[in-house]
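Data first, discussion second: the structure below is written as structure tokens.
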Amino acid sequence: MRRTIEVVLLLTVAAACSDDAPPDRSVVSDNGGTLVVSVGGDPDIFLPPLTVSNTGRLVNALVYDQLAQIGASLNTVGDQGFEPQLARSWQWSTDSLSIAFSVDPRARWHDGKPVRASDVRFTHRLYADSSTGSPFATVIANIDSVSVRDSLTAVFWFGKRSPLQFFDAVHSISILPEHVFAGARGVALRSSPAARSPVGSGRFRFVRWRPGASVDLIADTSNYRERPKLDRVVLTVAPDFNTALARVVGGEADLLEQIPFASLPQIAANPDLRALPAAALEYSFIQFNLRAPGNRSRPHPVFGDRTLRRALTMAVDRERTVRSAYDTLARPAVGPTVRAFATTDTTLRQIPHLPDAARRLLDSLGWRDSDGDGTRERNGRPLQFKLAVPSSSKARVNMAVLVQEQLRQVGVKADIDQMEFAAFLDRETRRDFDAVFGSWHSDASPGGIRQTWGTKGSQTKGGSNFGSYENSVFDAHIDSGLAAMTLDSRRSQFTAAYQQIIDDAPAIWMAEPRRILVLHRRIEVKGIRPDAWWAGMGSWSIPANSRIARDRFVPVP
């Protein structure tokens, strides 16, 4: 079957290029064109300290700048490979406990005001302020403070030396304009105008957001880092996968981030499209809520039991389920991590697929099918739960159906609750669920696991550990791994942490998919970074002789 996929992709690449509309011969500039991206849901908010949706992160990355950008190697230790962005240069102190960043004097906010070191200080305070409720506060906890040496020099002070000091300072924080937020703090931030209409310093300017429809961005033609080659980027919202695919196949959109294996022949048959495989840092999982919805002081009546969670995991054939949904374009996830990280031991001991053992475990816990209806009960309560799944993810929907049947075979009833992504995200963040079929797009560093699976991510306001898994041993190994100065030591600690959480089974680790971008052939792409496929979009282009009608948009300088 792998050969089949390769043939499909080769055919796609080899297919001839054509456009329905004739090229606009009057356009001769290298700059120009409109890229329409089909996205699975609306952004949640355009405020980087609070944004968790992929669509929101995409917009933030294009509108806002970081001090420096991680390189293609994804090195996170020290500053090797990082590329200047808002900071033109930087200098470490002799004791490595501070870094002075020199802000590019040419940088301007999109309202014309200059970017200053005071903006950097303001941004750090905003991220770290507990009233903000940023899930990234735990990630940057080692940054003690930021001071202003002069109008263009911001100094980061660290609590201790760490291999991730530089990464924490530049990658986890997008710099915000202090004057735009006018002193807004806490809940007022969420309702501030900039949370829906951001003012950044990036190579694209925000134009408008029409909820449920689209987000429009245009080129910042006077940007200090050079204007982007594209004139415009439009994100068109299509929560239903079939609708999203139809828009790309029909020419209404140019790019779809991820398609399943089954759709590749359809792409290969369209001469205007090509499929572009790329590495990704993504994994999916069925997450159990370990706390009772509506009363977090109590354990969940079903999933609070570690042995029961292990029994459910034993009932699921992850290998077959993932193969059915993705064919060869994904592998079973090894845990709350991805294989691309050097800190990931790919031989981690997994809970095996043993349905008979699962039945015995459930029997031993007192869950038995006493009335013969196929579903186990205990004390009059059926072993039944709702599994929330976003309808925008066809792969997750397909896997959920297979898992549902596998659980049924051991006497467990899972009711699949499909919902639009916005509703799914709302249910997840309010922790109002039994189980969710979630997915994390990992950051470039494995350190993000503190936010998504660590105790602080469970107990901190705005944390992303929605299932409330809490284990001090796991936390300690993660902390030790992030503090280790050698790869061997880091890998050893992360291996211990991953093994602990796999054994505790707060989730069934499902799939680690490759990303298959589908895009119109006129789009010329430079570099797909595994952690953010959109990172190089400012350098993407559309040749003048390949442009179609919607490419004739001209941004106002």
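A heavy-atom distance below 4.5 Å is not found between the side chains of F288 and Y469. E226 has its side chain within reach of R203: a pair of non-hydrogen atoms, C-beta onward, lies under 4.5 Å apart. I99 has its side chain within reach of F166: a pair of non-hydrogen atoms, C-beta onward, lies under 4.5 Å apart. The closest side-chain heavy-atom distance from R514 to R331 is not below 4.5 Å. Put simply, the side chain of Q350 does not reach to within 4.5 Å of the side chain of Q499, judged on heavy atoms. Side-chain contact between W540 and P228 is absent, with no heavy atoms from C-beta onward closer than 4.5 Å. Counting heavy atoms from C-beta outward, D220 and F204 have side chains that stay 4.5 Å or more apart. Residues S468 and F303 fail the side-chain proximity criterion, which asks for heavy atoms closer than 4.5 Å.
S174 places no side-chain N or O within donor-acceptor distance of the main-chain N or O of D65, the cut-off being under 3.5 Å. Side-chain atoms of D504 do not come within 3.5 Å of backbone N or O of P506 as any donor-acceptor pair. With hydrogens and angles ignored, the 3.5 Å screen pairs no side-chain donor or acceptor of R490 with any backbone N or O of T343. In this structure a side-chain-to-backbone donor-acceptor pair under 3.5 Å is present from N223 to S201. One N or O on the side chain of Q165 and one on the backbone of S96 form a donor-acceptor pair closer than 3.5 Å. Looking at T51, its side chain does come within 3.5 Å of a backbone N or O of L47 through a donor-acceptor pair. With hydrogens and angles disregarded, no donor-acceptor distance shorter than 3.5 Å links the side chain of T460 to the backbone of G463.
Q500 contributes atom CD, which lies 10.0 Å from atom CG of D475 (distance to the nearest 0.5 angstrom). Going from atom CD of E257 over to atom OG1 of T55 covers 8.5 Å, rounded to the nearest 0.5 Å. Separation of atoms OG1 (T313) and CD1 (I351) is listed at 4.5 Å; rounding is to 0.5 Å. Rounded to the nearest 0.5 Å, atoms OG1 (T455) and CZ (F474) are 8.5 Å apart. Between atom OG of residue S162 and atom CG of residue D168 there is a gap of 6.0 Å, rounded to the nearest 0.5 Å. N289 CG to R431 CZ: the interatomic distance, rounded to the nearest 0.5 Å, is 8.5 Å.
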| Y283 and H441: side chain to side chain contact (heavy atoms under 4.5 Å, CB included), yes or no, with the steps? | CA-CA 7 Å; Y283 64 94; H441 180 93; over 6 Å; no

| field | Stepwise side chain to side chain contact (heavy atoms under 4.5 Å, CB included) test for V334 and R339 | value | CA-CA 8 Å; V334 293; R339 292 171 173 82; 3.3 Å; yes

| task | Quick one: do I173 and F136 satisfy side chain to side chain contact (heavy atoms under 4.5 Å, CB included)? Show the steps, please. | result | CA-CA 8 Å; I173 299 175; F136 301 99; over 6 Å; no

| task | Begin with the C-alpha distance, continue with both residues' side-chain angles, and end with the deciding distance and a verdict on side chain to side chain contact (heavy atoms under 4.5 Å, CB included) for T337 and E512. | result | CA-CA 9 Å; T337 184; E512 182 183 336; over 6 Å; no

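Listed by chain and number, the residues in a salt bridge (charged side-chain N to carboxylate O under 4.0 Å, His left out) with D42 amount to none (sequence neighbours excluded). Under the side chain to side chain donor-acceptor pair (under 3.5 Å) criterion, R232 pairs with T34, sequence neighbours left out. By the side chain to side chain donor-acceptor pair (under 3.5 Å) test, Q85 is found to be paired with no residue, residues two or more places apart in sequence or in another chain being considered.
Between the side chains of Q451 and S464, at least one donor-acceptor pair of N or O atoms lies under 3.5 Å. In summary, the side chains of S93 and S98 do present a donor paired with an acceptor at a separation below 3.5 Å, with no hydrogens or angles considered. Counted by atom type alone, D434 and H300 present one or more donor-acceptor pairs between their side chains at under 3.5 Å. Side-chain contact annotation: T452 with N465, donor-acceptor N/O pair under 3.5 Å absent.
Using the six-membered ring where Trp is involved, F167 and H171 have ring planes that are parallel, under 30° apart on the 30 and 60° scheme.
A salt bridge links D426 and R430; the closest N-O separation between the charged side-chain nitrogens and carboxylate oxygens is under 4.0 Å. A salt bridge links D503 with R349: at least one charged nitrogen is closer than 4.0 Å to a carboxylate oxygen.
Across S134 and Y127, no two heavy atoms sit closer than the pair CB-O, 3.7 Å. The heavy-atom pair separating F433 from E428 by the smallest distance is CE2-O, 3.7 Å. The two residues S539 and K526 make their nearest non-hydrogen contact at O-CD, 4.1 Å. Closest heavy-atom contact between P513 and A280: O-CB, 3.9 Å. Contact detail for E470 and S458: the closest heavy-atom pair is OE2-OG, 2.7 Å. Here the shortest heavy-atom pairing between A219 and R205 reads O-CD, 4.3 Å.
The neighbour count for R306 CZ, taken as heavy atoms of other residues, nucleotides or ligands under 6.0 Å away, is above 12. Within a 6.0 Å radius of CD in Q80, no more than 12 heavy atoms belonging to other residues, nucleotides or ligands are found. When the shell of 6.0 Å around CD of E319 is examined, it contains 12 or fewer heavy atoms from other residues, nucleotides or ligands. Residue W157 qualifies as open at atom CH2: its count of foreign heavy atoms under 6.0 Å is 12 or below. Annotation: Q459, atom CD; neighbour count of heavy atoms from other residues, nucleotides and ligands within 6.0 Å is above 12. Within a 6.0 Å radius of CD in E420, no more than 12 heavy atoms belonging to other residues, nucleotides or ligands are found.
The salt bridge (charged side-chain N to carboxylate O under 4.0 Å, His left out) analysis of residues 139-156, with sequence neighbours excluded, yields no pairs.
Each of F466, F285, Y498 was compared with W453 under the ring-ring contact (aromatic ring centres under 6.0 Å, His included) criterion, and only F285 meets it.
Cation-pi check for R196 over W209 is met; the charged atom lies under 6.0 angstrom from the ring centroid and within 45 degrees of its normal.
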Pairs of donor and acceptor atoms involving the side chains of residues 179-195, under 3.5 Å and at least two apart or interchain, shall be tabulated with distances.
{"unit_1": "H179", "atom_1": "NE2", "unit_2": "D111", "atom_2": "OD2", "d": "2.6"}
{"unit_1": "R185", "atom_1": "NE", "unit_2": "D129", "atom_2": "OD2", "d": "2.9"}
{"unit_1": "R185", "atom_1": "NH2", "unit_2": "D129", "atom_2": "OD1", "d": "3.2"}
{"unit_1": "R185", "atom_1": "NH2", "unit_2": "D129", "atom_2": "OD2", "d": "2.5"}
{"unit_1": "R185", "atom_1": "NH2", "unit_2": "S131", "atom_2": "OG", "d": "3.3"}
{"unit_1": "S191", "atom_1": "OG", "unit_2": "A188", "atom_2": "O", "d": "3.2"}
{"unit_1": "S192", "atom_1": "OG", "unit_2": "L189", "atom_2": "O", "d": "2.7"}

Donor-acceptor pairs under 3.5 angstrom involving side-chain atoms of residues 100-109: please list them, not counting sequence neighbours.
{"unit_1": "D104", "atom_1": "OD1", "unit_2": "R106", "atom_2": "N", "d": "2.9"}
{"unit_1": "D104", "atom_1": "OD1", "unit_2": "R106", "atom_2": "NE", "d": "3.0"}
{"unit_1": "D104", "atom_1": "OD2", "unit_2": "R106", "atom_2": "NE", "d": "3.4"}
{"unit_1": "D104", "atom_1": "OD2", "unit_2": "R106", "atom_2": "NH2", "d": "2.7"}
{"unit_1": "R108", "atom_1": "NH1", "unit_2": "P105", "atom_2": "O", "d": "3.1"}
{"unit_1": "W109", "atom_1": "NE1", "unit_2": "D119", "atom_2": "OD2", "d": "3.1"}

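The six-membered or imidazole ring of W509 lies away from that of W440, with a centre-to-centre distance of 6.0 Å or more.
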